[in-house]
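Letters A, B, ... are given to chains in the order of the sequence lines, protein chains preceding strands, and every chain is numbered from 1. Values in this document were obtained by computation on a predicted structure and should not be read as measured data.
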Number of protein chains: 4
Amino acid sequence: MSRRPRSSDTLTEAQKKIVEAAVAAFAEQGFHGTATRDIARRAGVAEATIFKYFPSKRDLLLGVLGPAIEHLVGPAMARSMDPLFDASYPTFEAFLRALLAERTAFVRAHPQLARILAQELPFDAELRIGIASRVYAPILAKGIALIERFQREGQIVPWPPPLVLRCIVSTFAGYILHRVFIAPDAAWDDEAEIERVIAFVSRGLSPGQPA
Amino acid sequence: MSRRPRSSDTLTEAQKKIVEAAVAAFAEQGFHGTATRDIARRAGVAEATIFKYFPSKRDLLLGVLGPAIEHLVGPAMARSMDPLFDASYPTFEAFLRALLAERTAFVRAHPQLARILAQELPFDAELRIGIASRVYAPILAKGIALIERFQREGQIVPWPPPLVLRCIVSTFAGYILHRVFIAPDAAWDDEAEIERVIAFVSRGLSPGQPA
Amino acid sequence: MSRRPRSSDTLTEAQKKIVEAAVAAFAEQGFHGTATRDIARRAGVAEATIFKYFPSKRDLLLGVLGPAIEHLVGPAMARSMDPLFDASYPTFEAFLRALLAERTAFVRAHPQLARILAQELPFDAELRIGIASRVYAPILAKGIALIERFQREGQIVPWPPPLVLRCIVSTFAGYILHRVFIAPDAAWDDEAEIERVIAFVSRGLSPGQPA
Amino acid sequence: MSRRPRSSDTLTEAQKKIVEAAVAAFAEQGFHGTATRDIARRAGVAEATIFKYFPSKRDLLLGVLGPAIEHLVGPAMARSMDPLFDASYPTFEAFLRALLAERTAFVRAHPQLARILAQELPFDAELRIGIASRVYAPILAKGIALIERFQREGQIVPWPPPLVLRCIVSTFAGYILHRVFIAPDAAWDDEAEIERVIAFVSRGLSPGQPA
DNA sequence: CATGAATGAGTGTTCATTCAT
DNA sequence: GATGAATGAACACTCATTCAT
């Protein structure tokens, strides 16, 4: 550990700074609204340095989101969600509680990535199919399997699992978006809010009379 | 005022074509991703003509969204939603059903505007506060009043009305987004889907045990 | 014809200036060695104006050479050379004299185009085949026909016409290049030089003993 | 001087690879059209290594052509042409034959250098005067002396020696360029072609009637 | 009313070159 | 001796915008 750090992950110091700067800039101004010159300034490197590592601005977007998706949404999500998928959760409500906590934590940890993703996804077909195949599909499969288990156990209503999943995801997404992006500064009684969101979903999907 | 009638809406033919072209272009490629040259080509007018009517590209965005908001979300929404807010709805479920139908119809009628709005809102503070004050606030007020009425009548759970509203909106938004944008081509049994979405919200907010 | 000139050939004033500037710049510094910014400065227009008319720098090269070739080397060459190909020339030597005079005049009139052409041809396959098919081939055909006529008349040696043509062209090209580009400032006794160059070719191709 | 012999020509292995790569690249794409990065890749060295040996890209061009000219065109040419200049050649025609054979062989051996030279010469004044003084002038002097000798012997026409030389060079250049660069793949009867080219020059310069 | 022509200020990207290691 | 990392300056090209006509 004399003087060449080149430490953690074969990432140059500059490379890391570029990615950080790009994340911040894209989140604030969008992909199209951000000039590479701006990213360079933020990162404290020359513009040319950016292109040493990311052949094009688009590659920078993918280089920013790609690892984020892979690390934080792919394996990492699997890592954090696999416990949820284990048989360990005795009740549906316990599962919901764990899921909401986990996803909130993720968005809290990387709000910018979530933002960029949400912004570029509608305009970027390549990104979309990449996400769809690498992230969405696996998660969907696992989620549906779990829903089916809870349905077999009679814990939730026997609707089509994708619909059930969408009800859960919509409600949670609404909560998280509001909490993290729309009104982050409001005074919240988080515990009570969460309890009620959980209760809403839980009761909404409870196996009462058929529909 | 010799021969040009400048009839219906004080909109030149050219003006209408420009707005239509802009809506299409912005929806497809985003605001930043669209060149005025492209809009001009789509509208079949010279680039300079655009700037005759809309002093800047930004003004074009506002000119596209502004009227849309005012006409279609403001008065029109009032028109279509006022009945909802009337005491006429005997049950909460009937209200939900009417609301979902009306909102689905609106997004179906103007999917591009919905898209542009969703895409530009996060990056455009001015737009955001404009919408917030002119659209969001009035709707919110009316919605909350209605929620409170249903709560007083004991039809729904006595949670904070904003939270209740968010549960409704999230679920409906999830359904509509999926139905119109994400999987518009899938084979849907719309009636059954809607029934279940309504049932989900309705049960989720039913006044059972306290939470 | 009040105030908008847009005279001669539907060419903007700017367009003409751009082409002239490009010709001068390319001739002096080569295609790669010339920056569009430089051309803009020379032409007294904004860089963007160049790209209004010539979508890319390459298109500017073609736009500069293309018409030049078509107008000045194609039809114009035909116009100036067709007389040469007519039966009007009684002797081979008279033909040589006329040809050399005409080609010298052409290069003198457009030395820059000749220079650019010579410089870019070796690196530009597209240009090469364009020239080959549009200019070289027709000329070659006519030239060979003429050579054959002189051969039938017994005025010149019965070698393969292409070889004969090459002997003529090489010698003339050597003279013209030297005269116009390499030593334009030297004191020349043009008349005597030309006489001797003609004599050289004429005697070299005279039908003496077979070879 | 421990283990690196730095043997033959005081050229590192790397240096040689760089020069070779540069020659190939320049010949294919021209000097301006070639990026140092490209040369480095071809040579299998780092870009910085190039600048170790050649302070600038321009120096690389000179370093490529300079020695090539000195070694291959200067001394080597002298070596191969000196015999030509000796009294050994009894007839002018024999001299022509030897000269054409030798120059054809040279261009065949180093077609790339010939190409680069031809391409950069018009744009590079420094190169031009370097060549002029170091290569052209000596050759010219020797050539003129030889011409004068043949003229004194009455073998060729008593025109100004430079003109005579230009006739020879033009014709030979035309032949070689065509043979090596323009139509290298055509089916040639080389022997017959050469005979005729020689005959053309020889007769063209034969001391017939004055001109 | 509408436009063709023109542009200043940027855009993403490439280049030859430097230097600490 | 050789290089990976970094860069300032320039590059071709695009943009939203203006204005005489």
Holding to side-chain hydrogen bond (donor to acceptor under 3.5 Å, both in side chains), I want the full list of residues that pass it with [X], two or more places apart in sequence or in another chain.
{"X": "D/Gln119", "result": "none"}
{"X": "D/Glu20", "result": "none"}
{"X": "C/Thr49", "result": "none"}
{"X": "B/Gln112", "result": "none"}

Counting only pairs under 3.5 Å, give me each side-chain donor-acceptor contact of residues 22-29 of chain A, with atom names and distances, residues two or more places apart or in other chains.
unit_1  : atom_1 : unit_2  : atom_2 : d
A/Glu28 : OE1    : A/Arg42 : NH2    : 3.1
A/Gln29 : OE1    : A/Thr34 : OG1    : 3.3
A/Gln29 : NE2    : A/Asp38 : OD2    : 3.3

Just the rounded figure in Å: distance from [atom2] of [N] to [atom1] of [X].
{"X": "C/Ile39", "N": "F/dA10", "atom1": "CD1", "atom2": "C1'", "result": "15 Å"}
{"X": "C/Gln29", "N": "F/dA12", "atom1": "CD", "atom2": "P", "result": "11 Å"}
{"X": "D/Phe51", "N": "E/dT18", "atom1": "CZ", "atom2": "C1'", "result": "9 Å"}
{"X": "B/Phe26", "N": "F/dA16", "atom1": "CZ", "atom2": "C1'", "result": "12 Å"}
{"X": "B/Phe31", "N": "F/dA16", "atom1": "CZ", "atom2": "P", "result": "8 Å"}
{"X": "A/Phe54", "N": "E/dT13", "atom1": "CZ", "atom2": "C1'", "result": "15 Å"}

Review point. Name the stems that DNA chain E belongs to, where each is three or more consecutive Watson-Crick or G-U pairs with both distances under 3.5 Å?
Key: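 Result, WC/G-U stems under 3.5 Å: E:2-21 with F:2-21.
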Could you run down the sub-3.5 Å N/O contacts of the protein with nucleotides 7-9 of chain E?
unit_1 : atom_1 : unit_2  : atom_2 : d
E/dT7  : OP2    : C/Ala46 : N      : 3.0
E/dT7  : OP2    : C/Thr49 : OG1    : 2.4

Can I get a per-line list of side-chain donor-acceptor pairs under 3.5 Å for residues 121-128 of chain C, giving both atom names and the distance, sequence neighbours left out?
unit_1   : atom_1 : unit_2   : atom_2 : d
C/Asp124 : OD1    : C/Arg58  : NH2    : 2.5
C/Asp124 : OD1    : C/Glu126 : N      : 3.3
C/Asp124 : OD1    : C/Leu127 : N      : 3.0
C/Asp124 : OD2    : C/Arg58  : NE     : 3.4
C/Asp124 : OD2    : C/Arg58  : NH2    : 2.3
C/Glu126 : OE1    : C/Arg58  : NH1    : 3.1
C/Arg128 : NH1    : C/Leu121 : O      : 3.1
C/Arg128 : NH1    : C/Pro122 : O      : 2.8

Practice item. Give a yes or no on whether the backbone of B/Ala35 and the side-chain of B/Lys57 come within a donor-acceptor separation of less than 3.5 Å. Key: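 No, B/Lys57 side chain to B/Ala35 backbone: no donor-acceptor pair under 3.5 Å.
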Review point. What pairs with A/Arg41 under salt bridge (charged side-chain N to carboxylate O under 4.0 Å, His left out), at least two apart in sequence or on another chain?
Key: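 Once residues adjacent in sequence are excluded, A/Arg41 has no partner under the salt bridge (charged side-chain N to carboxylate O under 4.0 Å, His left out) criterion.
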